[in-house]
Amino acid sequence: MFHLVICRNYDEVSSEAFKVMKGVLDQKKDAVLGLATGSSPVGLYKKMIADHKASGRSYRDVSTWNLDEYVGLGKEDEQSYYTFMHENLFDAIDIKEENTHIENGLAADPDAEAKRYEAELKKVTVDLQVLGIGSDGHIAFNEPGTPFDAETHVTDLTEQTISDNARFFDGDKSKVPTRALTQGLATVMRARKIVLIATGANKADAVYDMLKGPLTTDCPASILQKHNDVTVIVDEAAGARLR
Ligand code: GLP
């Protein structure tokens, strides 16, 4: 079941997402958060940091599980999702490093790493999963064609995703890793509550297909039609086809 919020601008989108986050954190000081990378959630993370500074809300008992990581990039790498999370959230709040989890992009055996991560994730229930969406309808790195019952796995990135993400790699497609470790769609669907953030005209088709299209692996995000608690927060550009 979707709750749709259409906002005027990115700041409003981030505030609406923070309201959902705050609702969860207010109720549970040891909340389990599922976190995403990409530009979409950065505004939400800024609001979490501002709230932490202003209200003193503590993340000491909170734990986090990230969606995905590039195969071949590690903690030291500027473009790894590990580094992204530290720069955009973790370093500015009082979360404990040992309570933050992300796949190890440098694991010698990525398939074994995917299995290990999924097994760990099965021991917890994510209270709130934050999601962005790719312009091809992917969530985490579940590209079109990924089966709905997929758990954490290693995937090849599509040409579309590689071009979309080249902006983080000096605009150079050849620098973008071609494989990633990602939670599967079935993994994501286990979260109690989901908040999905999408902004910009290049997301309009994916947002439309997710909400109004058929349930199909061509649009991996359409699986969310089967979840009973998803808040979708978009700006007018990303929501343009919904009117
Ligand atoms: C990447 C991530 C996704 C994210 C998507 C959209 O491919 N693996 O989790 O949702 O990008 O990113 P952005 O928010 O920057 O548009």
Side-chain angles (χ1 to χ4, degrees), residues 7 9-11 13-14 16-17 33-47 64-73 77 79-85 87-89 101-103 105 110 114 117 121 126 128-146 150 152-171 173 175-185 187-189 191 194-207 209-210 219-224 230-235 237-239:
C7 300
N9 54 47
Y10 184 57
D11 189 56
V13 165
S14 305
E16 288 297 322
L33 303 178
L35 298 180
T37 52
S39 27
S40 304
V42 169
L44 162 65
Y45 298 156
K46 287 205 170 100
K47 304 266 175 205
T64 64
W65 294 82
N66 263 81
L67 289 170
D68 44 16
E69 179 61 283
Y70 289 112
V71 169
L73 301 194
D77 206 295
Q79 296 309 334
S80 71
Y81 284 166
Y82 174 93
T83 301
F84 178 98
M85 288 312 303
E87 286 179 350
N88 288 287
L89 182 63
H101 306 85
I102 187 160
E103 296 94 331
Y117 197 69
L121 256 169
V126 170
L128 177 64
Q129 176 66 56
V130 176
L131 292 178
I133 184 169
S135 63
D136 60 3
H138 73 241
I139 49 178
F141 270 132
N142 291 277
E143 297 284 23
T146 308
T152 305
H153 62 284
V154 179
T155 185
D156 291 324
L157 302 182
T158 59
E159 267 305 307
Q160 177 71 58
T161 298
I162 291 173
S163 335
D164 284 354
N165 290 359
R167 67 188 194 282
F168 296 112
F169 294 82
D170 312 320
K173 283 205 283 184
K175 291 189 183 160
V176 184
T178 57
R179 292 196 306 156
L181 279 146
T182 180
Q183 285 188 32
L185 295 166
T187 321
V188 171
M189 286 293 282
I194 294 177
V195 60
L196 184 143
I197 301 165
T199 59
N202 68 323
K203 302 291 174 71
D205 288 340
V207 166
D209 291 343
M210 162 177 70
C219 175
S222 66
I223 186 68
L224 299 176
V230 186
T231 304
V232 174
I233 307 175
V234 298
D235 66 357

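Numbering of ligands and ligand atoms starts at 1, following listing order.
Residue-ligand proximity, Phe141 to ligand 1, at heavy-atom distances under 4.0 Å covers atoms 1 (C), 7 (O), 8 (N). Distances below 4.0 Å separate heavy atoms of Tyr81 from the following atoms of ligand 1: 1 (C), 2 (C), 8 (N). If you number the atoms of ligand 1 from 1 as listed, the ones under 4.0 Å from a heavy atom of Gly132 come out as 10 (O). Short contacts between ligand 1 and Arg167, defined as distances under 4.0 Å to a heavy atom of the residue, involve ligand atoms 13 (P), 15 (O), 16 (O).
At a heavy-atom distance under 4.0 Å, atoms from both the backbone and the side chain of Ser40 approach ligand 1. Only the side chain of Asn165 comes within 4.0 Å of ligand 1, counting heavy atoms alone; its backbone N, CA, C and O stay farther away. Neither the backbone nor the side chain of Phe84 comes within contact range of ligand 1; no heavy atom lies under 4.0 Å.
The nearest heavy-atom contact from the protein to atom 8 (N) of ligand 1 is Asp68 OD2, 2.8 Å. Shortest contact from atom 6 (C) of ligand 1 to any protein heavy atom: Ile133 O, 3.6 Å. Scanning the protein heavy atoms around atom 16 (O) of ligand 1, the nearest turns out to be Lys203 NZ, 2.6 Å. Scanning all protein heavy atoms for the shortest distance to atom 12 (O) of ligand 1 gives Gly38 CA, 4.0 Å.
The two atoms that bring Ala166 and Val176 nearest to each other are CA-CG2, 3.6 Å, heavy atoms only.
Looking only at distances, a side-chain donor or acceptor of Asn142 sits under 3.5 Å from a matching main-chain atom of Gln183. Between the side chain of Tyr117 and the backbone N or O of His101 there is at least one donor-acceptor pair closer than 3.5 Å. Judged purely by atom type and a 3.5 angstrom limit, Tyr10 uses its side chain to pair as donor or acceptor with the backbone of Ser40. Using modelled atom types, one side-chain atom of Asp235 and one backbone atom of Gly200 make a donor-acceptor pair closer than 3.5 Å.
Distances between N or O atoms of Thr37 and those of ligand 1 include no value under 3.5 Å. The shortest N/O to N/O separation between Ala140 and ligand 1 falls below 3.5 Å. Polar contact check, Thr161 against ligand 1: no nitrogen or oxygen pair lies under 3.5 Å apart.
If you run side-chain hydrogen bond (donor to acceptor under 3.5 Å, both in side chains) between His138 and each of Thr161, Thr158, Thr182, only Thr161 comes through.
Using a 4.5 Å cut-off on side-chain heavy atoms (C-beta onward), Thr37 and Tyr70 make no contact.
Atom OG in Ser80 sits 5.0 Å away from atom CD in Glu69 (nearest 0.5 Å). Leu67 CG to Leu181 CG: the interatomic distance, rounded to the nearest 0.5 Å, is 12.5 Å.
Which of Gln160, Gln183, His138 comes nearest to atom 7 (O) of ligand 1 through a heavy atom is settled by distance: it is His138.
A salt bridge links Lys47 to Asp11: one of the charged nitrogens lies within less than 4.0 Å of a carboxylate oxygen.
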